[in-house]
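The structure appears below as structure tokens.
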There are 2 protein chains.
Amino acid sequence: MLNDPMVLTPIADAPQAEPEKRVRDRGATEKAILAAAKALLAQEGFQNFGINAVARGAGCDKQLIYRYYGGLNGLVDAIGADLGTWVKDRIPEDTGGMFLLTYGDLMERLSLLFLQALRDDPLMRRIVAWEVSENTEQVRRLSEARSKALATWLERMRGSLAPPKGVDPVAVNAILIAAIQHIVLSASAGGQCAGLALKTPKDWEKAEAALKRIVRGVYG
Amino acid sequence: MLNDPMVLTPIADAPQAEPEKRVRDRGATEKAILAAAKALLAQEGFQNFGINAVARGAGCDKQLIYRYYGGLNGLVDAIGADLGTWVKDRIPEDTGGMFLLTYGDLMERLSLLFLQALRDDPLMRRIVAWEVSENTEQVRRLSEARSKALATWLERMRGSLAPPKGVDPVAVNAILIAAIQHIVLSASAGGQCAGLALKTPKDWEKAEAALKRIVRGVYG
DNA sequence: CTTGGTTGTCACTCATCGGTGAGTAACAAC
DNA sequence: GTTGTTACTCACCGATGAGTGACAACCAAG
């Protein structure tokens, strides 16, 4: 495939555009593979996520995935490593000019932030869907990385605010997070959830209002 | 059980114990196929759900699936048809001796019933997981059957109780259902959800308490 | 120059998938 | 018996999956 002068070229001055010189650069190739894997997972989902597809997307041979990442498992680990920075990249740290006086203020804001961040990130959505659909080694690693990142973010944002007495914040927050994740997943898959349409901005306003109502109901 | 290849050699007086005489009974075969499909979906999930696997599980040739159900799509339709009776079979209609005076009473009870029913039904869990993971024709049909069954059940149980003013019951209930579904799916897949362990009965008590708290917070 | 390691490509094996066309076993009517 | 229908099995196809071993191109050190 590389330039071969011996090849008979009937057209002497034909543009040599197509050979597409592949540079010998391991670092660049590794990055291309990782990027292709993330893009593929985000766009196609975990159903069609495989060695062949990733190699195709990265424009290289699958052998290189085995060499550089040790196969799909290692590649998934590499994706998981990126996940640690997800919330940091995606969710603003400041309070957006609001004064968060109570735990309810905080959780209302965090819920909406999390909802929005998840809606905006197809890769993360696929990973969440993967988590609830399979229980393999690959998924477990991804899941662990994700939940750890989420937990540290939550802890950091909480600051010194204390939840009200009489509620179990871990359990309640788990349910809230579950609700947000499932709502976003359902919307992404079918445009609705349990009879509630989730397509237009108007639809989402209703969902957000209900979510706020729920958070306020439990946290005041 | 696939036919033993030795069957091809007609030994006249060989012990006929193992051939496992397959009766020529179309109805029985159809039921076997449907049962195998449901069992396979419940146990293995939608990942390994295919014509070959179902035929293997039903102990018949896959050709029969094409003949009797018109392929996988028709088979999925048949599964969906069963789904209509799910809530009727799984969830008690009576109030368990309670007087449901308010909408909050009702929704608290329904939430816990739904949670329990979903925890007890692996097939339904797989279908829910399928719904949020894919958007194919097959899934859409299943999803429609399920959501319709759920909606009619909810409507019937509601009776004449009216939700409190100022809340959007459709949106709020959608979020509650989403939360329940995701909690159960997460637990089933990884034994935890957002840092909340969900393995022991004790764990589930906490989750149920938090769920009740949330329902009461929004509906009073 | 030769040598050896790195980078990338190719050509395979083996398994499984969905799907199909041809053939066989049971049975009822004549 | 013969015939025709129904229930069922078998053998194969092309496509695609994961995984592996051998080889070509390149580059730097000796």
Side-chain angles (χ1 to χ4, degrees), chain A residues 1-7 18-34 36-37 40-41 44-77 134 136-138, chain B residues 1-12 14 16 18-34 36-37 40-41 44-77 134 136-139:
Chain A
M1 275 306 172
L2 295 171
N3 285 354
D4 188 356
M6 297 310 291
V7 141
E18 25 109 334
E20 183 117 11
K21 198 104 158 77
R22 172 159 276 288
V23 277
R24 280 169 62 90
D25 182 347
R26 170 164 179 166
T29 303
E30 285 182 358
K31 286 195 68 170
I33 291 173
L34 186 59
L40 181 70
L41 189 53
E44 304 295 324
F46 57 95
Q47 317 288 335
N48 306 349
F49 185 71
I51 286 278
N52 294 301
V54 172
R56 215 177 298 131
C60 72
D61 197 273
K62 60 181 169 182
Q63 173 72 21
L64 300 183
I65 301 175
Y66 287 104
R67 267 222 266 282
Y68 297 155
Y69 291 97
L72 256 196
N73 285 328
L75 188 51
V76 169
D77 280 346
E134 252 183 355
T136 63
E137 190 58 32
Q138 295 178 0
Chain B
M1 280 307 162
L2 296 170
N3 280 357
D4 191 86
M6 295 305 289
V7 138
L8 295 177
T9 66
I11 306 170
Q16 303 282 40
E18 27 98 344
E20 188 147 338
K21 199 93 161 76
R22 170 159 279 286
V23 275
R24 278 169 62 89
D25 181 345
R26 171 165 177 163
T29 303
E30 285 182 0
K31 286 193 68 170
I33 291 173
L34 186 60
L40 181 71
L41 189 54
E44 305 294 324
F46 56 96
Q47 316 289 334
N48 306 339
F49 186 72
I51 285 278
N52 294 302
V54 172
R56 217 177 297 133
C60 72
D61 197 89
K62 59 181 169 182
Q63 175 71 19
L64 300 184
I65 301 175
Y66 286 105
R67 259 214 260 294
Y68 298 155
Y69 291 97
L72 256 196
N73 285 327
L75 188 51
V76 170
D77 280 346
E134 253 184 354
T136 63
E137 189 58 31
Q138 296 177 359
V139 172

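If you're wondering where the values come from, they're calculated on a predicted model, not measured in any experiment. In the text below, chain A, chain B and the rest are named by the order of the sequence lines, each starting its count at 1. Values reported hereafter were calculated over all heavy atoms of this structure, with side chains retained and with hydrogens, waters and symmetry mates removed.
Residues A36(B) and A58(B) approach most closely at CB-N, 3.6 Å, considering heavy atoms.
The nearest whole Å value for the distance from the CD1 atom in I65(B) to the C1' atom in dA7(D) is 15 Å. Taking atom CD on E44(B) and atom P on dC17(C), their separation rounds to 12 Å, with Å as the unit. At whole-Å resolution of the value, CD1 in I33(A) and P in dT9(C) are 10 Å apart. Taking atom CG of D25(B) as the reference point, atom P of dA28(C) lies 13 Å away to the nearest angstrom. At whole-Å resolution of the value, CZ in R26(B) and P in dT5(D) are 16 Å apart. As rounded to whole Å, 12 Å separates atom P of dG18(C) from atom CG of L75(B).
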### CA sep, side-chain torsions, deciding dist, call: N48(B), L40(B), side chain to side chain contact (heavy atoms under 4.5 Å, CB included)
CA-CA 8 Å; N48(B) 306 339; L40(B) 181 71; 5.7 Å; no
### Task
List the steps and the verdict of side chain to side chain contact (heavy atoms under 4.5 Å, CB included) for Q47(B) and Q47(A).
CA-CA 8 Å; Q47(B) 316 289 334; Q47(A) 317 288 335; 3.7 Å; yes
### From CA spacing to verdict: side chain to side chain contact (heavy atoms under 4.5 Å, CB included), V76(B), F49(B)
CA-CA 10 Å; V76(B) 170; F49(B) 186 72; 4.1 Å; yes
### Message
Is there a side chain to side chain contact (heavy atoms under 4.5 Å, CB included) between I33(B) and V54(B)? Walk through the geometry before answering.
### Response
CA-CA 7 Å; I33(B) 291 173; V54(B) 172; 4.2 Å; yes
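Rounding to the nearest 0.5 Å gives a distance of 11.5 Å between CZ of R67(B) and OG1 of T29(B). Going from atom NZ of K62(A) over to atom CD1 of I51(A) covers 8.0 Å, rounded to the nearest 0.5 Å. Considering CG of N52(B) and CD1 of I65(B), their distance stands at 8.5 Å, rounded to 0.5 Å.
Overall bending of the helix from dC1(C)-dG30(D) to dC30(C)-dG1(D), expressed as the angle between end axes built from five pairs apiece, is 30° (10° steps).
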Collect all protein-nucleotide pairs involving nucleotides 21-23 of chain D in which both atoms are nitrogen or oxygen and the distance is under 3.5 Å.
unit_1	atom_1	unit_2	atom_2	d
dG21(D)	O6	Q63(A)	OE1	3.2

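Checking side-chain atoms of Y69(B) against main-chain N and O of D77(B) turns up no donor-acceptor pair under 3.5 Å. Put simply, the side chain of Y68(B) never gets that close to the backbone of L75(B): no donor and acceptor are under 3.5 Å apart.
Residue-to-nucleotide contacts include a donor-acceptor pair under 3.5 Å from the side chain of R24(B) to the base of dT6(D).
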### Query
What string of B, S and - do you get for nucleotides 13-19 of chain D, 5' to 3', when a contact is any protein heavy atom under 4.0 Å?
----SBB
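Residue T29(A) has a polar side-chain atom (N or O) positioned under 4.0 Å from OP1 or OP2 of dG8(C).
L34(B) has its side chain out of reach of E30(B): every pair of non-hydrogen atoms, C-beta onward, lies at least 4.5 Å apart.
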